[in-house]
Amino acid sequence: MNYGPLLFLAAFFALASSWFGFVLSPQLQIGRLQQTNSVPAGEAYPVARPGLARQGLDVYRANGCAYCHSEQVGQTGIVSDVLLTDAGTNRQALTAALLKVKPQAQPTELLATLPATIEEGLTNKAEADAAAKNLSVGGAKAQVWIRPVGPDIDRGWGKRRSVAEDFLYDYPVMPGSQRIGPDLANVGVRLPDANWHLLHLYAPTNKVPGSAMPPYRYLFEKRRIERARSPNALDLPPELAPESGYEIIPKAEARALVAYLLSLRADTPLFNAPLSAAAPAPPSTNAPPK
Amino acid sequence: MTEASSSSRASGLAASTAEIDVSCRLPLLVLFISAAIWLVMASVFGLIASLKFHSPQFLAECPGLTYGRVRPAFTNSLLYGFCVQAGLGVALWLIARLGQTTLAHRWLVSVGAKVWNLGVTVGVIGILFGDSTGFENLELPPYASVLCFLGYLLIGLWGVVTFHQRRERILFASQWFLFAAVFWFPWIFSTANLLLVTFPVRGMTQAVIAWWYSNNLLFVWLSLVGLAAVFYFVPKLTNRELHSHYLALFTFWSLILFASWGGIPNTAAVPAWMPALSTVAIVLTLVPLLAVALNVFQTLKSPGSNAPRDPSLSFVLFGVGAFVLAGLMNIGGALDSTRQLHFTWFVAARTQLHLYGFFVMVMFGAIYYIFPKFSGVEFPYPKLVRVHFWLAALGILAYALPLAIGGILQSVQLQDAKISPVQMVQSSLPFLRASTTGDLLLFAGHLAFLGNVAGLVTRFYRARVTAVYSVATADLFKSAEAKS
């Protein structure tokens, strides 16, 4: 009997299995991902990047920024903090509850400034919930805050781990494979100043001494000052400034790239990547507080 | 080797080795010469990228030579310019030789090789002009990918036809590997291009498909072709039988089943089952890894005639060693519990050890053996072949070793939030600078390789021109003699 076709088919399916696994299944699962809501605020997430930032993504791609910068923050786990936000009316009961939750606590000191952190870094969420419940006596209010932890979070590279939703509207998606430079998943929150980024692109070592990033001078243009100095011109320190009568203007690419970097803010709390954030300030109205 | 022992069973129509070699001549000349040129191009790009770590200002004014463009230009010219091209050349020769039949439609194959080269050239220029697709190891812009795909089809199709026309019906293990490889490349290449570039899928799915493609090209396609050459050349060059045909087939099945599932880093922002499955598959690649090591080791140990050691054998055996080492590094990286190793130079060291230490070295060995066979001319500088071996072997070690150590150090630093990114890059710079030595050695080796190939080709064409001239002038003199 000729086993040739049978063996061919077997080899075909062996190789094809990875196609089903890592091409078809991801498409069925995360390829159909939709815009979701942040938890608990319920805002739509993600929203498409503004037009200039989209052009900036193209500059990011063309210049291969992803070969040195990743855009994926990791976390090793989640811890819970218990916060007392309102002391309520029954001080005595609260002090007793406080000592029950945390026997070595100094109630008078803790209650002097609110909100006060009662417990920090609890790895067991149930324990934190129980503590918060115990503290809620006599109108006192306690909250449980969820806080992702890990070296990336401690470094300030992100508030929570990156999830597939963060990249939903990007093309191409460049999560990066190397961390020669810092992670950029959340750089828009960490470094919100556009001028800082422009100066950093023009002369990296001036902003970050010891940086190994090459300067991107070709994204800038040296121009003679005609009537007045352009409002877009870079404010360069004397050692970098061009000769008098000239100014350095960022080209459209540089502005787009900075707009993209500022649009990188993956800090929205999501159902699958929870995180407690300070509640937004209440809208100012004349309505009496409830 | 089955070739000699089973020739009695072959049908009477089997082509002679001389006929097979002549049929391969034209396409293999095109493939191997272009591959040698691409290799030198790749190392120029690689050297520029490496020098950026000595001084970030180096060539920074020129947009085409910024690190983020030179680095993909380096990887793409090495991958598509040398690896796939040389791999196809060796594959065609092996398919024809093992099937004892002449290469079908060699003209079309060499046209395919030219179209492929046009594609890679256009693609690398495109990358330097900022047209990269942004997906690692698939940076060739779409217009270049179309050319490459057409070129590949022209080459691969006639490879399959040649396989089908084989006179020796009993398959040798290498043919399994080659046949699967010829089919697998167009599948992964078209899938990746269609789903990432032509009709892009949404969001993180792009990254998953890009990882899948990159893993399948580097760790499945290259392994299939490289191991086919290993299983052919190790017995051939040592005058021994392959230790176990079935162990080689077991390697084949376990490789295509496990290695094709690797590649999703466990840091990826995707549902957790993907990296988990990928890690399991990578750990299971230990099976084909050990099978290859055992088979090669037992073949070498088996009694046989002790022929003088061919320099090709040194290249191939170095390649086997690097294959095992890179595989173990891959498994170690997948099992890393800190999940930071994926972001470091350790991965670059492992990839380069597999790509260069294994595949390129095996291809060198194969080309040094095949080239004189099909051209009928010896290499002009045989001593340079040994020099090349030492340059390449030391070069890849000097490249990968510092990067691997630097990468492990980097992963330790990434876990400590007190160490700033600047401190981190400053402490990995000495390792990066040390690896430039490796780049320089490899570059020197590539010049030696190109020199030898160019010398051989010059000899080959000089011999042909002399032959043609003597035939033409013989007629001339004959007619003159007849007149007188």
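Because the structure is a prediction, the values reported are computed rather than measured. Numbers restart at 1 for each chain; the letters A, B, ... are given by sequence-line order, proteins then strands.
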Close side-chain approach of Glu136(B) and Tyr67(A), heavy atoms under 4.5 Å: yes
Largest heavy-atom contact set with chain B, pairs under 4.5 Å, which of Glu71(A), Arg217(A), Gln72(A): Gln72(A)
Flag side-chain contact, heavy atom, 4.5 Å: Leu432(B) against Ile180(A): no
Contact origin within Val220(B) toward chain A - heavy atom pairs under 4.5 Å: side chain
Closest heavy-atom pair and its distance - Ala14(A), Leu257(B): CB-CD1, 3.7 Å
Spacing of CZ belonging to Phe167(A) relative to OG1 belonging to Thr205(B), to within rounding of 0.5 Å: 12.0 Å
Centroid separation Phe183(B) to Phe12(A) less than 6.0 Å: no
Flag side-chain contact, heavy atom, 4.5 Å: Pro26(A) against Trp211(B): no
Residue selection (most heavy-atom pairs with chain B, distance under 4.5 Å) from Pro204(A), Ala273(A), Ala10(A), Gly156(A): Ala10(A)
Minimal non-hydrogen separation, Val197(B) against Tyr171(A), with atom names: CA-OH, 3.5 Å
Heavy-atom side-chain contact between Asn216(B) and Ser18(A) under 4.5 Å: yes
Residue-level contacts of residues 414-424 of chain B with chain A, using a heavy-atom cutoff under 4.5 Å: Leu414(B), Gln415(B), Asp416(B), Ala417(B), Ile419(B), Pro421(B), Val422(B), Met424(B)
Top contributor to chain B interface from Leu15(A), Leu168(A), Asp154(A) [non-hydrogen pairs under 4.5 Å]: Leu15(A)
Atom group of Leu219(A) that falls short of 4.5 Å from chain B, counting heavy atoms: neither
Interchain contact, Val23(A) with chain B, by part (heavy-atom threshold 4.5 Å): both
Between Pro209(A), Ser162(A), Ser177(A), the one whose heavy-atom pairs under 4.5 Å with chain B are most numerous: Ser177(A)
Chain A contact via Gln206(B) - side chain, backbone, both or neither, heavy atoms under 4.5 Å: side chain
For the student: nearest non-hydrogen atoms of Trp273(B) and Ser25(A), plus distance: CH2-CB, 3.8 Å
Any side-chain heavy-atom pair of Met274(B) and Ile30(A) under 4.5 Å: yes
Student check: side-chain heavy atoms of Pro172(A) and Thr133(B) closer than 4.5 Å: no
Arg179(A) and Gln340(B) side chains, donor-acceptor separation under 3.5 Å: yes
Taking every non-hydrogen atom, the tightest pair across Met204(B) and Val173(A): SD-CG1, 3.9 Å
Test item: Asn215(B) and Phe22(A) side chains (from C-beta on) under 4.5 Å apart, heavy atoms: no
Where Tyr218(A) and Ala60(B) come nearest, the two heavy atoms and their spacing: CD2-O, 3.6 Å
Flag, side chain of Arg161(A) to backbone of Ala269(B), donor-acceptor distance under 3.5 Å: no
